[in-house]
Number of protein chains: 2
Amino acid sequence: MTESKVISFEALRVACKNCSLATLCLPMGLTTDDVERLDDIVKRARPLHRGDHVFRNGERFHSLYVVKTGSVKTYAPSTEGGEHVLGFHLPGELIGLDAIEKEVHVCSATVLETSAICEVPFSRLVALSGRIPSLQHHIYRLLSKEIGHDTEMLLLLGKKSAEERLAAFLLSMSKRLHKRGLSPTDFYLSMSRHEIGNYLGLAVETVSRLFTRFQDEGLLKVDRKHVELLDLEAMEALVARAPVGDRRQRMS
Amino acid sequence: MTESKVISFEALRVACKNCSLATLCLPMGLTTDDVERLDDIVKRARPLHRGDHVFRNGERFHSLYVVKTGSVKTYAPSTEGGEHVLGFHLPGELIGLDAIEKEVHVCSATVLETSAICEVPFSRLVALSGRIPSLQHHIYRLLSKEIGHDTEMLLLLGKKSAEERLAAFLLSMSKRLHKRGLSPTDFYLSMSRHEIGNYLGLAVETVSRLFTRFQDEGLLKVDRKHVELLDLEAMEALVARAPVGDRRQRMS
DNA sequence: GACATTGCTTGATCCATGTCAAACGAATCT
DNA sequence: AGATTCGTTTGACATGGATCAAGCAATGTC
């Protein structure tokens with residue numbers, strides 16, 4: 001009990017300069033000196049537990065957040081009690097970028113498993129970026145990257161079949177986990193089938209059926225949250241297919 | 001002939017400080033002095049004609065572009081010759097933000113009708129933003145706004161019915177045109193049904209049928225590209241409906 | 001002015017995926 | 001351990017929207 005508490009405290013005490021996420025997170029491309037300064041403004045919070053919120057829709061925006069360990073789901077609560085899952089975020093990923101414009105959080109972020117989150121006060125980040133041109137430029141790139149990612153999702157939701165969506169989702173998880181030094185073929189999903197379906201614009205039942213179909217076809221092995229991708233190539237081929245509407249007229 | 005040429009030349013010569021788009025475009029929130037400096041870096045190009053490209057997928061990224069008059073379509077060309085329409089852009093709107101990260105254009109932008117486009121060299125904008133904090137912050141907001149917009153589209157494509165998508169599209173056009181001093185209820189669409197369908201993740205036939213249905217229901221009057229919205233309220237009610245999947249279980 | 005070409009509309013049909021329903025296993029509570 | 005709940009799976013069925021197939025209206029071409 002006491003021991004695990006000490007361990008997580010130690011884990012959180014680690015500064016940006018020692019952080020294994022250095023290449024994924026903000027410090028990328030900064031000098032050692034700059035990272036020290038960035039270090040000063042980042043607050044490291046105590047671990048959050050499944051279901052805890054990092055921020056909620058409607059709250060005033062003060063900080064960006066970086067997932068340090070664990071995973072986070074962002075979603076837009078809808079009237080009627082439903083929700084629209086906007087994304088799943090792994091260690092090193094930044095959340096809250098959509099709140100800069102209105103200075104209010106336009107979505108909510110909740111933790112899918114016990115997670116550590118770094119808080120980056122935005123006004124201090126902006127002040128710092130005014131003095132460090134490379135940081136300023138890096139923030140532009142981060143925001144642009146987010147736009148690029150959203151654009152990919154737009155294509156996925158607008159043009160791809162259920163099968164292609166789930167394959168793309170699994171490959172995305174695979175690649176992102178791999179970048180973090182984990183197995184690209186063997187991992188645990190921290191989100192439910194319901195959340196996956198919601199995220200991909202599919203019914204839970206469709207997601208479930210696709211998992212069993214993929215398994216029958218030998219593409220993967222799945223047991224509850226545990227997924228083993230057996231044929232990455234075939235999966236890549238699935239998502240690389242021309243979008244649905246385009247399959248009608250084949251060009252010369 | 002000669003006369004129209006002179007007119008368009010005059011129109012283009014207009015500087016940022018006199019631009020009617022001032023509140024929509026970059027200069028928002030800047031001092032007169034700052035706007036003058038911004039003025040120096042913005043290049044005003046000759047008018048482009050229907051089908052001309054502002055930039056193409058794969059080209060090296062140098063500049064952001066602002067639509068001054070006319071309208072622009074951004075799209076991601078797919079293999080097989082098809083395309084995925086990412087957005088339609090009206091005067092005052094900025095395009096190319098998704099290219100900052102990779103320094104390469106990840107989509108193409110083509111002009112839907114004769115249009116004037118302002119070019120904003122990004123490196124010069126960045127340099128200027130380093131010296132003008134309010135400009136820097138404004139760029140953060142612009143990028144964040146784009147993310148927010150993409151997020152809305154994600155909801156539209158992931159959760160809404162064909163009917164809701166078209167209604168949302170028409171209302172979006174209506175609001176954006178209104179902001180530019182044009183009628184919110186009576187306007188011409190510069191894009192084809194095919195492009196609308198592609199953008200909304202629908203078949204052309206579905207878009208066409210919905211237009212006739214909306215007309216039959218008295219929501220609007222449509223003749224080719226000319227649209228007259230007759231019942232904005234009813235249309236708002238349509239798009240405000242809870243997303244598809246959420247209509248099942250109603251909360252207490 | 002006839003003839004392509006292109007964009008739009010309308011009808012008939014089909015199918016992928018949503019919806020409804022039920023059962024089951026795993027996890028949590030008492 | 002038994003009961004409850006929740007997440008998942010599977011089956012049966014319904015349907016929104018895609019696809020296929022004409023026909024038609026507007027625009028451009030020679």
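Everything quoted here is computed from the prediction, not taken from an experiment. Every chain is numbered from 1 and lettered A, B, ... according to where its sequence line falls, protein lines coming before strand lines.
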Quiz item: Rounded to whole angstrom units, what separation is found between the CG atom of L157(A) and the C1' atom of dT17(C)?
Solution: 15 Å
Quiz prompt | Spacing of L200(B) atom CG relative to dA18(D) atom P, expressed in whole Å | solution = 10 Å
Quiz item: Whole-Å distance between dT9(D) P and L202(A) CG?
Solution: 14 Å
Quiz item: Between atom NE2 in H226(A) and atom P in dA26(C), what is the gap in whole Å?
Solution: 16 Å
Practice problem: Applying side-chain contact (heavy atoms from CB on, under 4.5 Å), run through R224(B) and Y188(B) and close with a yes or a no. | Solution: CA-CA 9 Å; R224(B) 303 287 285 172; Y188(B) 282 81; over 6 Å; no
Quiz item: Roughly, in whole Å, what's the span from CD in E164(B) to P in dG16(D)?
Solution: 12 Å
Quiz item: Reading nucleotides 6-12 of chain C from the 5' end, what letters show protein touch, with B for base, S for backbone sugar-phosphate only, - for no heavy atom under 4.0 Å?
Solution: --SBBBB
Practice problem: Please report, rounded to the nearest Å, how far the P atom of dA16(C) is from the CG atom of L210(A). | Solution: 12 Å
Quiz item: Can we say R180(A) and E93(A) salt-bridge, meaning some charged N sits less than 4.0 Å from an Asp/Glu carboxylate O?
Solution: yes
Quiz item: Should L182(B) and F187(B) be marked as a side-chain contact (heavy atoms from CB on, under 4.5 Å) after you check the CA-CA gap, both sets of side-chain angles, and the distance that decides it?
Solution: CA-CA 8 Å; L182(B) 300 167; F187(B) 48 86; over 6 Å; no
Quiz item: Roughly, in whole Å, what's the span from NZ in K159(B) to P in dG17(D)?
Solution: 15 Å
Practice problem: May I have the distance from D223(A) (atom CG) to dA27(C) (atom C1'), rounded to whole angstrom? | Solution: 14 Å
Quiz item: Any Lys/Arg nitrogen of K225(B) or E113(B) sitting under 4.0 Å from an Asp/Glu carboxylate oxygen of the other?
Solution: no
Quiz item: What does G197(B) touch in the nucleic acid at a heavy-atom separation under 4.0 angstrom: a base, only the sugar-phosphate, or nothing?
Solution: nothing
Exercise. Determine whether more than 12 heavy atoms belonging to other residues, nucleotides or ligands lie under 6.0 Å from atom NE2 of H226(B).
Key: yes
Quiz item: Would E195(B) and K73(B) satisfy side-chain contact (heavy atoms from CB on, under 4.5 Å), going step by step from the backbone distance to the final call?
Solution: CA-CA 9 Å; E195(B) 288 166 326; K73(B) 168 183 84 173; 2.8 Å; yes
